[in-house]
Protein chains: 2
Amino acid sequence: MSTTAIAPGATPCRNCPLRRKPLFLPFSDRELSFMEAFKVGELVVGPNVMLLEEGQGSAHLFTVLRGLGIRSTMLENGRRQVINFLFPGDFVGLQAGLAGEMRHSVESTTPMVLCVFNRADLWTLFREEPERAYDLTWIAAVEEHFLGETIASLGQRDAIERLAWALLRIHERLSSVGLSEEGKVPMPWRQQDLADALGLSLVHTNKTIRRLREIGLAHWSAGTLSIDRERLAALALTDPDRPRRRPLI
Amino acid sequence: MSTTAIAPGATPCRNCPLRRKPLFLPFSDRELSFMEAFKVGELVVGPNVMLLEEGQGSAHLFTVLRGLGIRSTMLENGRRQVINFLFPGDFVGLQAGLAGEMRHSVESTTPMVLCVFNRADLWTLFREEPERAYDLTWIAAVEEHFLGETIASLGQRDAIERLAWALLRIHERLSSVGLSEEGKVPMPWRQQDLADALGLSLVHTNKTIRRLREIGLAHWSAGTLSIDRERLAALALTDPDRPRRRPLI
DNA sequence: CGTGTCGTTGAATCCAGTCAAGTGTGGTGG
DNA sequence: CCACCACACTTGACTGGATTCAACGACACG
């Protein structure tokens, strides 16, 4: 069911975040040639494939081109925490790229296509392409912000607020990468995944989702999610129009 | 009671993380001269001073030279989440430095001394000092890892495990920057701060700390903390000797 | 057609939050 | 000097949200 293949010298990463925003803008010729040089290949995997495993080193960094995934860690007591979900445009493996070992696992949920880079090329990037390096750090800082927001949710919101916040965030993120159709977005993860992400039990997650459906705030079935954005945001106590990405310098 | 002062051209940051680890190693002459150039001044503040405020822009980045602080955000429902505690060697404001606006507040707990940088110099850093830029990104990646660990704690550990984990982590961190004396480290934060960091109520935090004291795992009083490291680690379900920082590339 | 996975639902239990009151300490001003 | 207040820390009692246990239905798959 799951296949992996690296296709060296494949087409350049038009969706790659290793450049200035906004997403989906075409690269310049100079950028294209650079990406070609830095890129090692393209990784195509089926669903439910472990891309990076906790505790192991990796010679590669990845950029998600297509598909959705999960970044998670296992605690010493055997419980699983989903750190975040992976969307197209996400960068994966910087930590391992810098520190040399993975502290978390990365696995695909849907089939995925990833852009593969050589870890060893990272230093070259910083030396010869300061703009790219700057963008990379910017991505890390944005990522850090999102993790901070997650911490706030796990620490200070109750179950229904957490669910509202998570579904809203996922819906926004998928819409921003063009995966929304008539307000519906793909939602391929299991309830167990969402429960592990929000620090809730599977049972309570299920019942809370039911509550959201009953009051008409979110419908999630058959791998598809549709929401009442305004009212969900009110419940999540989050300003949905809060600015996220500002101009650099 | 609280004073702030910027002293331009002060002594270079011997404790600054903008360089390769380990901490406390002296800078090379080249590094020193660079730090002198990049550094704008030194910020000295009293306890309980708001250094950066949520929603505001800042022209500066900081490095903690001395003292302890708090990084926190306010949720829309008025509840506070402490993202993390600040120790000597921490870098503050990268997110604002890149995104232009703070999404969280930073305040001092004890008197602090910080190294001040110009946000606008960040791009110069990337262009002219790729090594420093690399180190900066490495710091961001390490920070990201710690936030991931916090997420796992808030999501998957119960109250006593969270406390054990937090006290262990704080003790380790303070020891690593040389603030330990005979196993005792300063612990200037309030129980309310720790509660807000761990997503627990003040009352329950208090009672859990009491439990830890009664079974002899941690003593925290009068701003001083001492722990039984081995048994606390066993309770926190964390391997205390897990390697944290590996060689670069 | 058995098997496994995921989703769903009910009941009982318990951990953690809330409410409320009390202690101790340091600072302030009469 | 002492009354008073502000603040952090304690402690007990009650409540409730979330977990756990358990069972069942739907569906895909070999």
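Chain letters run A, B, ... following the sequence lines, proteins first, then strands; residues in each count from 1. Both backbone and side-chain heavy atoms feed into the values below; hydrogens, waters and symmetry mates do not. In this text the structure is predicted, and so the values were computed from the model without any measurement.
- The salt bridge (Lys or Arg N to Asp or Glu O under 4.0 Å) test applied to Arg190(B) returns Asp193(B), not counting sequence neighbours.
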Give me the distances for all protein-to-nucleotides 5-8 of chain D N/O pairs that come in under 3.5 Å?
unit_1	atom_1	unit_2	atom_2	d
dA8(D)	OP1	Arg190(B)	NH1	3.1

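- In summary, Glu172(B) and Arg229(B) engage in a salt bridge, as defined by a charged side-chain N under 4.0 Å from a carboxylate O.
- For Thr109(B), the side-chain hydrogen bond (donor to acceptor under 3.5 Å, both in side chains) partners two or more places apart in sequence, or in a different chain, are Trp189(B).
- By the side-chain contact (heavy atoms from CB on, under 4.5 Å) test, Leu202(B) is found to be paired with Gln191(B), Gln192(B), residues two or more places apart in sequence or in another chain being considered.
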Seminar exercise, completed: For nucleotides 15-23 of chain C, 5' to 3', base contacts (B), sugar-phosphate-only contacts (S) and non-contacts (-) with protein non-hydrogen atoms under 4.0 Å give -BSBB----

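- Contact check for Leu65(B) versus Leu114(B): no side-chain heavy atoms found under the 4.5 Å cut-off.
- Computed from coordinates, the Asn48(A) CG to dT5(C) P distance equals 12 Å when rounded to whole Å.
- Residues passing the side-chain contact (heavy atoms from CB on, under 4.5 Å) test with Lys184(B), sequence neighbours excluded: Thr224(B), Ser226(B).
- Side-chain contact between Thr110(A) and Pro47(A): absent, with no pair of heavy atoms (C-beta onward) separated by less than 4.5 Å.
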Exercise. For DNA chain D, what dot-bracket results from Watson-Crick or G-U pairs at under 3.5 Å, with [ ] for crossers and | for inter-strand partners?
Worked result: ||||||||||||||||||||||||||||||

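- Listed by chain and number, the residues in a salt bridge (Lys or Arg N to Asp or Glu O under 4.0 Å) with Arg211(B) amount to none (sequence neighbours excluded).
- A straight line from CG of Leu212(A) to P of dT8(C) spans 13 Å, rounded to a whole angstrom.
- For dC9(D), neither phosphate oxygen OP1 nor OP2 lies less than 4.0 angstrom from any side-chain nitrogen or oxygen of Asn206(B).
- Scanning both residues, Leu75(A) and Gln81(A), for their nearest heavy atoms gives CD1-CB, 4.2 Å.
- Checking each of Leu217(A), Ile160(A), Leu163(A) against Ile209(A) for a side-chain contact (heavy atoms from CB on, under 4.5 Å) leaves exactly one that passes, namely Leu163(A).
- Arg210(A) pairs by the salt bridge (Lys or Arg N to Asp or Glu O under 4.0 Å) definition with Glu214(A), not counting sequence neighbours.
- Contact check, Arg210(B) against dT11(D): a side-chain N or O comes under 4.0 Å of OP1 or OP2.
- Legend: residues meeting ring pair (Phe, Tyr, Trp, His ring centres under 6.0 Å) with Trp220(B), ordered by chain and number and at least two apart, are absent.
- With sequence neighbours excluded, the residues forming a salt bridge (Lys or Arg N to Asp or Glu O under 4.0 Å) with Glu143(A) are Arg71(A), listed by chain and number.
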Would you list the protein and nucleotides 24-28 of chain D atom pairs, both N or O, that sit under 3.5 Å from each other?
none

